[in-house]
Structures are given as C-alpha cells and as structure tokens.
Amino acid sequence: MQYLLKVNLQNTNVWRLVAIDGIADRAFVGDLIALAFDYAIAPRSFIINEKEFKAGSEVQDSQELVPFNDFNLQEGDTFTYISNHDEKLVHDVSVMKATDKLYCFMPSCLVGSGHIPDNIKLTTQSINEYLDKEDVNSLDLRACTARMRAYGVQRVDAHKALVTAGASDLKFNVE
C-alpha cells in the first residue's frame with residue numbers, strides 16, 4: 001500500500017501532508033516523517049490502537065524493521081506520532097489515503113504549513129513563539145521533499161539494522 005498521511009503537530013498550526021510507501025519499515029517511516037519537519041535524530045514512536053511502537057532512526061529492536069503496511073491502516077484511521085526532542089512533540093496523524101498506487105513520487109511532502117527553524121529549542125511553546133514573529137521563513141516544500149528523497153523510499157541497510165538491533169550476523173558456508 002501507499003499512504004497519504006496528514007501529520008499535525010499538536011497545539012500548533014504546523015502540519016505536513018506526506019506520501020510514503022508502506023513497504024518501508026516502521027523506523028524508516030518515522031524518520032521520513034521527521035525529515036518532513038526537519039527534526040534532528042531523536043527517539044520516535046507511533047501509538048496505534050493505544051499500543052506504542054518504537055520508530056526511531058537508531059533501530060534497537062527488530063520489530064522496528066517490520067513493514068509499515070503491517071499496521072493495516074485504512075483511509076480515515078488516525079494514530080499518534082511522537083518525536084522526543086527538548087520536549088515530547090506529539091503529532092496527530094490521519095490516513096487521508098491508503099491505496100495500491102498514489103500518483104505522486106515517493107516519498108514526498110506535498111503540502112504543509114509552519115517552517116521549523118533549526119536554531120531553537122524544539123518545544124511547542126518555542127515553535128509557536130517563532131511562528132508568531134513577523135519575519136518568519138516560509139515552509140519550503142521542495143527542501144522537505146528533497147530531505148525525504150535523499151533518505152530514500154525504504155531502508156537499504158536492513159541487514160546492518162538487524163545486527164544493530166541484536167540479531168546474529170548472517171553467514172553462509174558454500175561447499
């Protein structure tokens with residue numbers, strides 16, 4: 001499946017509409033969403049049906065490498081995305097579309113609001129204070145999408161991530 005997700009940072013006017021491919025693992029999707037907001041590396045998670053699933057770039061559990069599709073999300077479903085920075089940034093996520101084929105490039109940040117600068121503490125209060133200023137930079141969707149695409153559609157280092165998460169290194173003997 002391919003998904004169109006509307007991701008809203010709670011208690012702010014900051015949001016993104018992102019397109020992701022469900023074949024990507026959960027941690028990878030967590031990173032793609034973070035890149036749409038230009039967040040630095042941090043512990044991340046999804047809360048779906050009141051259950052928390054780690055989804056950070058520093059994979060620590062093989063369950064983080066399960067495909068995003070395994071959540072079995074459908075159009076209209078909602079869940080929570082959390083990115084822990086100077087405070088826990090909580091996002092409401094709505095599945096706008098879940099289909100076999102989206103007619104856009106993956107991954108992408110299609111539209112959004114609220115540029116988040118990299119020189120402030122990441123709290124909802126500091127983000128709101130920044131956005132209330134008169135000389136605020138506008139959101140550059142091309143930059144959001146470029147960050148996401150530079151990261152890729154899915155993890156290319158799955159073996160390395162599994163070993164980092166505690167799996168034994170795979171070795172074959174050929175006779």
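Sequence positions, counted from 1, serve as the residue numbers for this chain.
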**OP:** Any chance you could measure Cys109, atom SG, to Leu17, atom CG, to the nearest 0.5 Å?
**Re:** 7.5 Å

Original post:
Do Ile41 and Leu35 share a hydrophobic cluster, counting only Ile, Leu, Val, Met, Phe, Trp and Tyr and linking them when any side-chain heavy atoms are less than 4.5 Å apart?
Top reply: no

**OP:** Please name the pair of heavy atoms, one in Tyr3 and one in Gly22, separated by the smallest distance, quoted to 0.1 Å.
**Re:** CE1-CA, 3.7 Å

Original post:
Under 3.5 Å, side chain of Asp21 to main-chain N/O of Ala24, donor-acceptor pair present?
Top reply: no

Original post:
Quick one: side-chain hydrogen bond (donor to acceptor under 3.5 Å, both in side chains) partners of Ser108, sequence neighbours excluded?
Top reply: Arg149

**OP:** Measure the shortest side-chain to side-chain distance between Leu4 and Leu110 over non-hydrogen atoms and say whether it is less than 4.5 angstrom.
**Re:** yes

Original post:
Listed by chain and number, what are the side-chain hydrogen bond (donor to acceptor under 3.5 Å, both in side chains) partners of Thr124, not counting sequence neighbours?
Top reply: Glu87

Subject >> Common cluster, Ile82/Ile20, ILVMFWY with side-chain heavy-atom separation under 4.5 Å >> reply: no

Original post:
Taking only residues two or more places apart in sequence or in another chain, which ones pass side chain to side chain contact (heavy atoms under 4.5 Å, CB included) with Asp86?
Top reply: Lys121, Leu122, Thr123

Subject >> Residue pairs, two or more places apart or on separate chains, that pass salt bridge (Lys or Arg N to Asp or Glu O under 4.0 Å) and touch residues 33-49 >> reply: Asp31-Arg44, Asp38-Arg147

Original post:
Considering residues at least two apart in sequence or located in another chain, which fulfil the side-chain hydrogen bond (donor to acceptor under 3.5 Å, both in side chains) criterion with Glu75?
Top reply: none

**OP:** Answer yes if Ile47 and Val93 sit in the same cluster of Ile, Leu, Val, Met, Phe, Trp and Tyr residues linked by side chain heavy atoms under 4.5 Å apart, and no otherwise.
**Re:** no

**OP:** Enter the distance from Ser113:OG to Asn8:CG here, rounded to the nearest 0.5 Å.
**Re:** 10.0 Å

Original post:
Just how far is it from atom CG of Leu89 to atom CG of Asn11, taken to the nearest 0.5 Å?
Top reply: 10.5 Å

Original post:
Got a sec, which residues hit side chain to side chain contact (heavy atoms under 4.5 Å, CB included) with Asp70, two or more places apart in sequence or on another chain?
Top reply: Arg26, Val66, Pro67

Original post:
Is the number of heavy atoms from other residues, nucleotides or ligands within 6.0 Å of CG (Asp132) greater than 12?
Top reply: yes

**OP:** Could you tell me whether the side chain of Leu32 reaches within less than 4.5 Å of the side chain of Val18, counting heavy atoms only?
**Re:** no

**OP:** Kindly state each residue pair satisfying ring pair (Phe, Tyr, Trp, His ring centres under 6.0 Å) with at least one member in residues 97-137, sequence neighbours excluded.
**Re:** none

Original post:
side chain to side chain contact (heavy atoms under 4.5 Å, CB included) with Gln10: which residues, sequence neighbours excluded?
Top reply: Val90, Asp92

Subject >> Spacing of Asp77 atom CG and Met96 atom CE [to the nearest 0.5 Å] >> reply: 12.5 Å

Original post:
If you group Ile, Leu, Val, Met, Phe, Trp and Tyr whenever their side-chain heavy atoms sit less than 4.5 Å apart, what else falls in with Leu141?
Top reply: Leu139

Original post:
Applying ring pair (Phe, Tyr, Trp, His ring centres under 6.0 Å), which residue pairs with at least one partner in residues 35-56 are found, sequence neighbours left out?
Top reply: Phe37-Tyr39, Phe37-His91, Tyr39-His85, Tyr39-His91, Phe46-Phe68, Phe46-Phe71, Phe46-Phe79, Phe46-Tyr81, Phe53-Phe71

Original post:
Once you round to the nearest 0.5 Å, how far does CD1 of Ile33 lie from CE of Met148?
Top reply: 8.0 Å

Original post:
What salt bridge (Lys or Arg N to Asp or Glu O under 4.0 Å) pairs are there with at least one residue in residues 135-144, not counting sequence neighbours?
Top reply: Asp140-Arg142

**OP:** Flag the pair Val95 / Thr78 as yes when at least one side-chain heavy-atom distance between them is below 4.5 Å, and no otherwise.
**Re:** no

Subject >> Under the side chain to side chain contact (heavy atoms under 4.5 Å, CB included) test, residues paired with Asn128 that sit two or more places apart >> reply: Thr12

